[in-house]
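Each residue takes its place number in the sequence, starting with 1. Both counts, for ligands and for their atoms, begin at 1 and track the order of listing.
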Amino acid sequence: MSTPKVTIPSSLLPADGRFGCGPSKIRPEAVAALAEAAPHLLGTSHRQPAVRSLVGRLRSGVRELFDLPDGWEVVLGNGGSTAFWDAATFGLIEQRSLHLSFGEFSSKFAQASAAAPFLDDPVVISSPTGTHPNLIADPRIDLYALTHNETSTGVAMTPQRPAGSTAAQLVAVDATSAAGGLRWAASEVDVYYFAPQKCLASDGGLFIACCSPAAVTRIERLAASSRWVPASIDLKIALDNSRQDQTNNTPALATVFLTVHQLEWMNANGGLEWAASRCDRSASIIYDWAETVDYATPYVADPAQRSHVVATIDLEDRVEAATVAKVLRANGIVDTESYRKLGRNQLRIALFPAIDPEDVAALCACIDHVVSAIG
Ligand SMILES: *Cc1c(COP(=O)(O)O)cnc(C)c1O
């Protein structure tokens, strides 16, 4: 079926039409700053002071944004969050991990550790999509893996150590789509890792891992053990390089620059509390709208589990979400399609800090316009 011809009046359109969950909107101010800095930055050595000071600003910007306690390290490497799962399989899990699995992304780290021949089979606790399971202390495991925000379903959970866990057990949190948009407490976490193409409004390809002293000790102990680790995902090598404001191999300099720009923008405006409040505002706009109109409902039934950085909105069968997304796209509003493998009649909309809450409100008005035009 061809896309119905609907022209959304320009008075309704958002100022910026990017609502994708990653890669996500990069602020035009950051791109302009990159263009200005480019002649002295892009195409220069990552071993020299100009780039190293930028990596240093990235590390200190992360430290400030999350108010990391003394002794925590910000570790960087290439390959994004997916590479970090492999790195953690080699360099953070001692013998057996426990994973909360409640969507596409949270299931993948569990698969990586299940496939590792040198680890025992992981414990996996699942829940139906659209919900999250809870952590339960298990004396057999040495690392708990959870996901702050499950990007495929729009379910968020607050990172927390399970009651009864011991100091020898680490809590590792995949915060790829949460970091910088949702609140968390360092006392509840040992490793908080992410990639910068979501809330940090940069490009992909980098992993950033905030590591507690206990996590650093684990990395150092496993590095000293007899386990073989490929150098490109060796966390000890990544840690040693990060301490010198470098990466083991060449990073994408534009990605580093844009990440620093977003971090400093958030820190200058009031830090994580400011950024998370902005996401709260966008979330209340879109969920209130979805509960008000008669053709939409928030997919996540429990309001406490509804993500404030990724909203998933089910549409009634009479309104085809794929068609709505196509018409929006033809009008310059992109990436509102649902997560493919979830297979629902749904729109998925990023509410990351770079996205203006007023643009979220404008998007709701545009969806109303499209639905009444095609209905
Ligand atoms: C996007 C995403 C990933 C994958 O990130 P890459 O950098 O593409 O590897 C992993 N986990 C979550 C929760 C994500 O949202």
Please state which protein non-hydrogen atom is closest to [atom] and give its distance, to 0.1 Å?
atom	value
atom 5 (O) of ligand 1	Ser81 CB, 3.6 Å
atom 15 (O) of ligand 1	Thr151 OG1, 2.3 Å
atom 11 (N) of ligand 1	Asp174 OD2, 2.7 Å

Side-chain donor-acceptor pair under 3.5 Å between [X] and [Y], yes or no?
X	Y	result
Trp274	Asn267	no
Asn149	Ser177	yes
Asn78	Asn249	yes
Tyr339	Thr151	no

Part of [X] with heavy atoms under 4.0 Å of ligand 1, whether side chain, backbone, both or neither:
X	result
Lys198	side chain
Thr82	both
Phe109	neither
Gln197	side chain

For ligand 1, which atoms sit closer than 4.0 Å to a heavy atom of [X]?
X	value
Trp85	10 (C), 11 (N)
Ala195	7 (O)
Asn149	13 (C)

Report the distance from atom OG of Ser97 to atom CG of Leu170, rounding to the nearest 0.5 Å.
11.0 Å
Could you please spell out the steps behind the side chain to side chain contact (heavy atoms under 4.5 Å, CB included) verdict for Tyr192 and His148?
CA-CA 9 Å; Tyr192 191 78; His148 198 172; 2.9 Å; yes
For the residue pair Lys236 and Phe90, would you count it as a cation-pi contact if the rule is NZ or CZ under 6.0 angstrom from the ring centre and within 45 degrees of the ring axis?
no
Do any nitrogen or oxygen atoms of Thr147 come within less than 3.5 Å of a nitrogen or oxygen of ligand 1?
no
Phe352: what forms a ring pair (Phe, Tyr, Trp, His ring centres under 6.0 Å) with it, not counting sequence neighbours?
none
